[in-house]
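Note sheet for the following structure.
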Protein chains: 2
Amino acid sequence: MVRARKTRLADVAARAGVSRTTASYILNGRSGEMRLSDDAVARVRAAAVELDYRPNRAARSLRTSQTRTVGLVSDSVASGHFASRMLTGASAAARESDHVLLIGETDGDPLVERLLVEQMLDQGVDGIVYATLRHREVAVPAALRQTRTVLLNCADPASGLPAVVPDEHGGGRRAADLVAGVAGPVVVVGDDHEQGTHAGAMRLAGLEEQLAARGREVADVLRCDWSVAGAREAVTSWWGTGVRNGALVCMNDRVAMGVYQALTAREAAIPGAFAVVSFDGSELATWLTPALTSVALPFAELGATAVRLLLDPPPGASRTVRLEMPVVHGGSVPASAAVTR
Amino acid sequence: MVRARKTRLADVAARAGVSRTTASYILNGRSGEMRLSDDAVARVRAAAVELDYRPNRAARSLRTSQTRTVGLVSDSVASGHFASRMLTGASAAARESDHVLLIGETDGDPLVERLLVEQMLDQGVDGIVYATLRHREVAVPAALRQTRTVLLNCADPASGLPAVVPDEHGGGRRAADLVAGVAGPVVVVGDDHEQGTHAGAMRLAGLEEQLAARGREVADVLRCDWSVAGAREAVTSWWGTGVRNGALVCMNDRVAMGVYQALTAREAAIPGAFAVVSFDGSELATWLTPALTSVALPFAELGATAVRLLLDPPPGASRTVRLEMPVVHGGSVPASAAVTR
DNA sequence: CTGTTAGCGCATTCAC
DNA sequence: GTGAATGCGCTAACAG
């Protein structure tokens with residue numbers, strides 16, 4: 001662990017033969033404000049490179065009260081299998097803007113949440129992204145009012161805070177397009193208000209709306225929690241209704257896995273007899289056979305967008321940004337069934 | 001966004017009627033070094049609370065050149081479905097010690113890696129955890145030498161840096177114990193040197209060793225990559241050998257999923273005809289039917305341990321810490337088969 | 001036992 | 001065009 005003696009701005013200035021002020025202006029790209037000789041500018045730049053000068057962030061922060069740091073506090077995003085990609089996107093976007101990402105998880109504990117937010121505030125973060133594992137409504141802690149905040153994968157109607165969320169409703173419409181051409185009834189698997197209202201209800205609304213536009217409808221909604229076992233059981237008991245073809249729209253990829261289990265146990269062909277589509281677009285979709293066609297949650301993009309929104313807020317009003325849910329095509333829908341808009 | 005005017009140490013001192021020095025000592029818990037009147041101590045503490053005093057981190061950092069910040073740079077830990085829990089553990093451990101966790105991903109790009117490390121160094125992190133998605137060997141960037149570093153889920157033999165890794169070998173032995181009592185051959189599914197040598201080779205070594213200790217052996221190793229499709233195909237073609245019972249030890253949970261697919265397609269009962277165990281202990285294991293018995297990668301613990309090691313290094317030599325891989329019991333092994341050590 | 005003083009490294013105002 | 005002077009808030013010598 002060899003820690004080189006740090007070179008300070010003064011060193012650079014000395015080597016370039018200018019004052020610290022001059023060096024500071026040049027290095028901060030504000031040389032235009034001072035009409036400096038091109039030569040001086042070049043000398044300073046060269047000196048900075050030669051000395052491998054890196055500004056001391058603490059000193060700069062002390063002066064400017066900015067830290068080039070953004071915090072991301074979530075309930076349990078890092079623990080999620082797939083939602084953790086919000087962190088990937090967020091940290092990449094932060095780095096793009098020469099910022100660094102601080103993370104912390106509350107695991108849903110309001111006390112920890114308060115502590116964590118205050119810790120980040122203490123650190124002097126330039127802003128906080130408040131994220132949730134599931135797309136849902138939240139009531140953000142009051143302390144967040146002390147800094148710029150962007151909501152990620154959640155909304156707080158009371159606060160009017162800007163938010164970045166997946167366009168669940170549009171995703172529902174896409175699912176509709178995927179199955180509109182399928183023979184037999186369209187059946188939804190998964191409770192519509194599981195896991196907070198947003199995802200389920202909005203997907204279902206979009207699905208129904210677009211199906212209606214195509215002269216079709218949801219024939220049935222199999223209520224079950226969004227789990228493999230729940231879905232498997234729901235489909236298994238639904239099997240008794242005697243339907244032997246159609247489209248099963250699953251509320252998420254795990255539900256689809258349960259559907260696959262129930263269907264294959266009964267030797268019902270996918271996509272021959274039943275088309276299956278779902279929401280999430282997680283890696284699980286690619287593990288199933290045939291690969292599952294899924295309307296994807298663009299987690300990395302969501303994370304990146306939230307950080308960008310935090311760091312360079314667009315001039316207009318602070319609005320909710322809805323990101324498209326792209327379709328990840330697998331082989332669980334007959335090629336002929338998809339309808340182009 | 002209401003940002004309250006910050007109260008400074010001077011304010012606290014003034015309110016308590018003492019000097020800044022005194023207040024500083026007291027608030028830093030070093031009042032013992034100064035033999036202060038109990039009354040003064042109490043007054044300062046009270047003032048700090050009343051004024052909701054929070055030290056300015058930037059100023060403190062400038063003075064002490066410590067930031068109470070630790071960086072975690074990885075190839076793509078946040079993108080992994082399951083490995084991202086290292087972040088959960090790491091950030092929790094950081095918070096325990098009143099530190100904050102900075103994260104960044106390189107996606108395997110050496111250039112990004114250098115940049116990221118330097119960015120963190122610029123930020124003045126108190127140390128860096130260098131993590132990888134897969135347990136493997138690495139060659140850390142030279143810049144890491146400038147700060148305390150702990151390796152997480154990887155090893156760099158050349159550097160001699162302390163590391164925290166799962167005890168793959170011990171995990172292999174546990175897998176052996178799980179299947180030692182099963183009738184029929186023990187077959188391994190998954191190439192032993194896939195994804196870096198560590199995981200595969202060590203698991204296999206531990207498995208063989210413990211199996212030998214029980215008078216058993218690995219009958220076959222089905223070579224395939226660690227994927228659902230690869231495993232499914234491997235088992236499907238192995239089916240031709242005519243074996244109709246035994247134990248299948250899968251190199252990870254995805255491999256096990258492929259094994260399940262191949263087996264159920266042939267109506268081979270799990271665990272009736274075949275016991276299946278695997279490594280990872282990811283959520284996928286719980287989604288399969290029957291739930292998969294898996295030797296788990298303790299990701300959250302790994303992350304937490306790495307941060308603790310970084311923050312309070314034990315006196316002795318810097319050694320490699322191997323964390324136990326606990327068994328997550330499912331229903332894929334006949335109850336009678338497990339052998340207690 | 002307590003207060004005074006001097007920087008930490010940088011950005012910035014103001015004379016020169 | 002440039003350089004001296006100031007202060008961000010805190011810690012830690014050093015006097016008293």
Side-chain angles (χ1 to χ4, degrees), chain A residues 3-45 47-48 51-69 98 121-124 126, chain B residues 3-45 47-48 51-69 98 121-124 126:
Chain A
R3 169 170 279 135
R5 196 185 73 274
K6 271 295 244 170
T7 80
R8 296 156 304 158
L9 180 60
D11 301 329
V12 175
R15 184 171 171 90
V18 301
S19 71
R20 297 213 312 282
T21 311
T22 309
S24 174
Y25 268 67
I26 291 171
L27 262 15
N28 288 335
R30 305 173 45 184
S31 44
E33 300 175 23
M34 252 180 111
R35 263 186 316 172
L36 300 165
S37 68
D38 291 358
D39 186 49
V41 172
R43 284 206 315 279
V44 169
R45 292 246 161 80
L51 265 30
D52 189 32
Y53 169 69
R54 1 254 341 205
N56 179 315
R57 295 293 235 237
R60 180 177 285 184
S61 296
L62 182 56
R63 191 71 179 87
T64 64
S65 59
Q66 298 210 338
T67 52
R68 305 201 78 76
T69 270
D98 191 30
L121 256 19
D122 281 357
Q123 282 285 346
D126 294 340
Chain B
R3 169 170 277 133
R5 193 183 79 273
K6 272 293 244 165
T7 80
R8 296 156 305 158
L9 180 60
D11 301 330
V12 175
R15 184 172 171 89
V18 302
S19 74
R20 297 213 310 282
T21 311
T22 308
S24 174
Y25 268 68
I26 291 172
L27 261 16
N28 288 336
R30 304 171 45 184
S31 45
E33 300 175 25
M34 255 178 108
R35 265 185 312 174
L36 301 163
S37 68
D38 291 357
D39 186 51
V41 172
R43 285 206 315 278
V44 169
R45 292 245 161 81
L51 266 30
D52 189 30
Y53 169 69
R54 359 258 337 210
N56 178 316
R57 294 297 237 244
R60 179 179 286 184
S61 296
L62 181 58
R63 194 68 180 93
T64 63
S65 57
Q66 298 209 338
T67 53
R68 304 201 80 76
T69 270
D98 191 31
L121 255 20
D122 282 357
Q123 284 283 347
D126 295 339

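Lettering follows sequence order; numbering is per chain, from 1.
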>> Could you go through A:Asn56 and A:Arg8, starting from their C-alpha distance and side-chain angles, then the distance that decides it, and tell me whether this counts as side-chain contact (heavy atoms from CB on, under 4.5 Å)?
In response: CA-CA 8 Å; A:Asn56 179 315; A:Arg8 296 156 304 158; over 6 Å; no
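The bend of the helix from C:dC1-D:dG16 to C:dC16-D:dG1, defined by the angle between the axes of its first five and last five pairs, stands at 50° to the nearest 10°.
The CZ atom of B:Arg45 lies 7.5 Å from the CG atom of B:Leu27; values are rounded to the nearest 0.5 Å.
Taking atom CZ of residue A:Arg60 and atom C1' of nucleotide C:dC8, one finds them 16 Å apart after rounding to whole Å. When the P atom of D:dC8 is taken as reference, atom CG of B:Asn56 falls 11 Å away, rounded to whole Å. Per the geometry, CG belonging to B:Leu62 stands 12 Å off C1' belonging to D:dG7, to the nearest Å. The nearest whole Å value for the distance from the CG atom in B:Leu9 to the P atom in D:dC8 is 14 Å. Between the P atom of D:dC10 and the CZ atom of B:Arg54 lies a distance of 12 Å, rounded to the nearest Å. One atom, CD1 of B:Ile26, and another, P of D:dA12, lie 15 Å apart when rounded to the nearest Å. D:dC10 atom C1' lies 13 Å from atom CG of B:Asp11, rounded to whole Å.
Regarding contacts with the backbone of C:dG3, a side-chain N or O of B:Ser19 is found under 4.0 angstrom from either OP1 or OP2. In terms of phosphate contacts, B:Tyr53 brings a side-chain nitrogen or oxygen within less than 4.0 Å of OP1 or OP2 of D:dC10.
Minimum heavy-atom separation, A:Ile26 to A:Val41: CD1-CA, 3.6 Å. Summarising the geometry of B:Gln123 relative to A:Arg68, their closest heavy-atom pair is NE2-O, 3.3 Å, with the distance given to 0.1 Å. For the residue pair B:Leu9 and B:Tyr53, the shortest heavy atom distance occurs at N-CE1, 3.3 Å.
Residues B:Asp126 and B:Thr67 bring a donor and an acceptor atom of their side chains to less than 3.5 Å of each other. The closest side-chain donor-acceptor pair between B:Thr22 and B:Ser19 falls under 3.5 angstrom.
Evaluation of the side chain to side chain donor-acceptor pair (under 3.5 Å) rule for A:Arg20 yields no partner, not counting sequence neighbours.
Here D:dC10 is the nucleotide among D:dC10, C:dC10, C:dT4 with the atom lying nearest to any side-chain atom of B:Arg8.
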Below 3.5 Å between N/O atoms, which protein atoms pair up with nucleotides 12-16 of chain C? Just atom names and distances, please.
| residue | atom | partner | partner atom | Å |
| --- | --- | --- | --- | --- |
| C:dT12 | OP2 | A:Arg30 | NH1 | 2.6 |
| C:dT12 | O4' | A:Arg63 | NH2 | 3.3 |
| C:dT12 | O4 | A:Thr21 | OG1 | 3.4 |

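When atom types are taken as modelled, the side chain of B:Asn28 and the backbone of B:Tyr25 share no donor-acceptor pair closer than 3.5 angstrom.
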